[in-house]
K.L.:
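One structure is given below, represented as structure tokens, and several questions about it will come after.
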Amino acid sequence: MTAPISSADYVIITHCSPYRTYAQGTTHPSRRIKMAGTVRVRFAPSPTGALHIGGGHTALFNWLWARHNGGRFILRIEDTDRERSTKEYEETIMAGMEWLGLDWDEGPDRAGDFGPYRQSERLEIYHHWANRLLSEGSAYREGEAVIYRVPQGVSLAFDDVVYGHIEMMSDTLKDIVLIKSDGMPTYNYAVVVDDHTMAISHVIRGEDHISNTPKQLLLYRALQWEYPVFGHLPMILGKDKKKLSKRHGATSVYEYRDMGYMPDAMFNFLALLGWSAGEGNEVFSREEAAALFELSRVTKRSAIFDMEKLNHINQEHLKMLDPSTRLDLVEPFWREMGLPVDEHSREYLAQSLVVLGGRGQTAREAAGYSDYFVTFDAVKKRYDGSDIDEAQRATVRRYVRDLLACPEWKADLLEEFTRTWSTEQAVKMKEIAMPLRMALTGMKVSPGIFEVAEQIGREETKRRLAHYNLL
RNA sequence: GGUCCCAUCGUCCAGUGGCCUAGGACACAGCCCUUUCAAGGCUGUGACACGGGUUCGAAUCCCGUUGGGACCGCCA
């Protein structure tokens with residue numbers, strides 16, 4: 001068993017912020033933190049779109065590692081692309097993370113010793129270190145831009161926590177632009193400066209960054225900074241094994257919320273892509289996952305996003321919900337369907353979902369399967385009763401008359417009565433239960449029909465049967 | 001084209017030289033339960049990409065082949 005990666009042996013070489021000076025005898029926070037071996041990880045999205053599945057996956061693994069170690073999870077906004085970055089997307093990304101339950105300890109909206117947490121507000125820092133490189137002669141100017149001169153013959157190696165030893169010669173690299181002509185830093189440069197100055201201990205990001213890492217290594221070297229620990233995550237692909245894109249349907253985590261998926265399930269499902277908590281342990285909470293998570297147990301092979309599995313995990317989580325929480329989840333979908341939710345008490349609606357049981361893989365589906373509890377109109381809309389011939393109708397009427405006369409309107413008693421009745425009258429259960437089901441729900445499939453009858457009540461049952469001329 | 005990465009059932013994972021005639025989960029099929037469906041229970045179909053080594057022994061280590069993927073932007 002490999003020992004969990006720790007940053008205990010971490011020592012920072014240079015302190016960083018050009019903004020602050022520290023009195024003699026005191027140390028910069030990053031130095032204190034790294035000496036103390038605190039795990040600090042970050043998710044660094046660029047606000048050029050909503051939080052997509054891949055980003056959510058990366059954020060989630062960072063969160064897991066932070067929480068597993070009692071460390072800090074930092075949100076950094078990489079908004080150096082002036083053209084495409086917007087404040088709206090920044091907010092959408094944060095909302096998406098909150099929805100997934102990924103809370104961060106430091107970020108643009110949260111206090112921290114290592115801010116600012118938006119790259120566009122850290123320009124002085126980037127220029128400070130770029131100037132250093134310039135004065136040392138390892139970088140040169142080209143117009144307004146600052147470019148790092150890549151030395152030849154340098155072996156760039158690092159030990160990735162998940163991919164193992166990776167090594168590459170500097171010879172194949174072109175010179176690296178540090179500062180663009182517009183004064184903004186490039187990704188490969190900013191990421192190095194930020195990860196170091198924010199005292200990031202573990203850089204956990206998508207596998208598509210493996211080939212960027214050697215460049216960054218070069219920059220750490222030039223700045224005489226200690227490397228963080230790197231851990232790359234497998235990519236998430238669509239069904240066709242191609243990078244996940246709009247063609248594969250929903251790509252932003254928000255779309256899954258709107259489809260009726262639970263954040264807990266989405267979290268659970270995403271955690272299962274590239275990691276496992278051990279055999280027979282596939283449904284778990286965030287806390288359980290955090291306790292069990294090991295970066296060194298992350299898989300190398302890219303994974304395919306499989307909706308079927310998501311559906312199953314979602315259903316499992318849906319089943320575990322208490323009635324009130326489940327109602328909170330389903331109610332919006334009933335409203336979206338235009339059902340008169342407000343005509344009922346919360347108790348009635350919650351109990352209806354208890355009767356529905358584990359049916360439906362998403363909240364949206366559950367809402368669709370349970371509309372008849374909310375309104376009879378939904379039933380009338382899809383069922384006209386024309387499938388029953390006169391002979392059947394006569395039988396059902398006889399049964400219904402006796403059923404309605406039952407002293408107590410309780411599911412188990414109604415069922416018992418029906419069984420007895422069906423035996424005595426030599427009528428199959430199916431022949432009376434099915435017409436009853438159709439009249440009450442308008443559907444061929446439903447929970448136990450006597451439970452449905454109990455839930456909607458004797459009067460409502462009578463009303464629905466009357467409407468279909470079954471009284 | 002160059003560099004780098006990956007390779008176990010359809011899919012997600014387990015497996016780190018002998019416990020593997022390869023295990024679990026999803027999906028699929030069948031059966032049971034049953035007023036329908038879902039759930040649940042049982043059973044089944046189904047994979048170590050290929051070829052060479054190393055070894056007493058390889059899914060596990062090495063090499064090659066093939067197949068996928070990523071990166072090679074003053075995007076991130």
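The model shown is predicted, which means the values in this text are computed figures rather than measured ones. Throughout, a chain's letter reflects where its sequence line sits, starting with A, and its residues are numbered from 1.
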K.L.:
Whole angstrom is fine here: how far is it from CZ in A:Phe230 over to C1' in B:C5?
P.N.:
16 Å
K.L.:
For residues A:Tyr220 and A:His196, establish whether the separation of their ring centroids is below 6.0 Å.
P.N.:
no
K.L.:
Centres of the A:Tyr383 and A:Tyr468 rings: under 6.0 Å?
P.N.:
yes
K.L.:
Does this structure show an ion pair linking A:Glu282 with A:Lys309, if we count only N-O contacts that are shorter than 4.0 Å?
P.N.:
yes
K.L.:
Test side-chain hydrogen bond (donor to acceptor under 3.5 Å, both in side chains) on A:Glu167 and A:Ser155; report intermediate values, then the result.
P.N.:
CA-CA 7 Å; A:Glu167 195 167 347; A:Ser155 168; 2.8 Å; yes
K.L.:
Expressed in angstrom and rounded to an integer, what is the separation of A:Ile449 atom CD1 from B:U36 atom P?
P.N.:
12 Å
K.L.:
Just the atom pairs and distances: protein N or O near nucleotides 74-76 of chain B's N or O, under 3.5 Å.
P.N.:
residue	atom	partner	partner atom	Å
B:C74	O2	A:Ser181	N	2.5
B:C74	O2	A:Ser181	OG	2.8
B:C74	N3	A:Ser181	OG	2.6
B:C75	OP2	A:Lys180	NZ	3.0
B:C75	O2'	A:Asp81	OD2	2.8
B:C75	O2'	A:Arg84	NH2	3.4
B:A76	OP1	A:Thr80	OG1	2.7
B:A76	OP1	A:Lys180	NZ	2.7
B:A76	OP2	A:Tyr187	N	3.2
B:A76	O3'	A:Glu78	O	3.4
B:A76	O3'	A:Glu78	OE1	3.2
B:A76	O2'	A:Ser46	OG	3.3
B:A76	N1	A:Asn212	OD1	3.4

K.L.:
Select base, sugar-phosphate, or nothing to describe what A:Glu167 touches, counting heavy atoms under 4.0 Å on all strands.
P.N.:
sugar-phosphate
K.L.:
So which nucleotide does B:C75 pair with, by the Watson-Crick or G-U wobble rule with both distances under 3.5 Å?
P.N.:
none
K.L.:
Take the protein atom NZ of A:Lys428 and the nucleotide atom P of B:U36, then report the distance between them rounded to whole Å.
P.N.:
12 Å
K.L.:
For A:Glu451 and A:Glu207, take the nucleotide of RNA chain B holding the closest heavy atom to each; which residue's nucleotide lies nearer the 5' end?
P.N.:
A:Glu207
K.L.:
Is the A:Phe293-A:Trp275 ring centre distance short of 6.0 angstrom?
P.N.:
yes
K.L.:
Need to verify one output field. Residue with the more 5' nearest nucleotide on RNA chain B, A:Arg437 or A:Ser211?
P.N.:
A:Arg437
K.L.:
Using a 4.0 Å heavy-atom cut-off to protein, can you give one letter per nucleotide of nucleotides 9-15 of chain B, 5' to 3': B if the base is in contact, S if only the sugar-phosphate is, - if neither?
P.N.:
S-SBSBS
K.L.:
Would you measure the distance from the C1' atom in B:C56 across to the matching atom in B:G41 and give it in whole Å?
P.N.:
45 Å
K.L.:
A:Phe450 near the nucleic acid: base, sugar-phosphate alone, or nothing, with a heavy-atom cut-off under 4.0 Å?
P.N.:
base
K.L.:
Between protein and nucleotides 37-50 of chain B, map the contacts as a letter string: B base, S sugar-phosphate only, - none, heavy atoms under 4.0 Å, written 5' to 3'.
P.N.:
BBSS----------
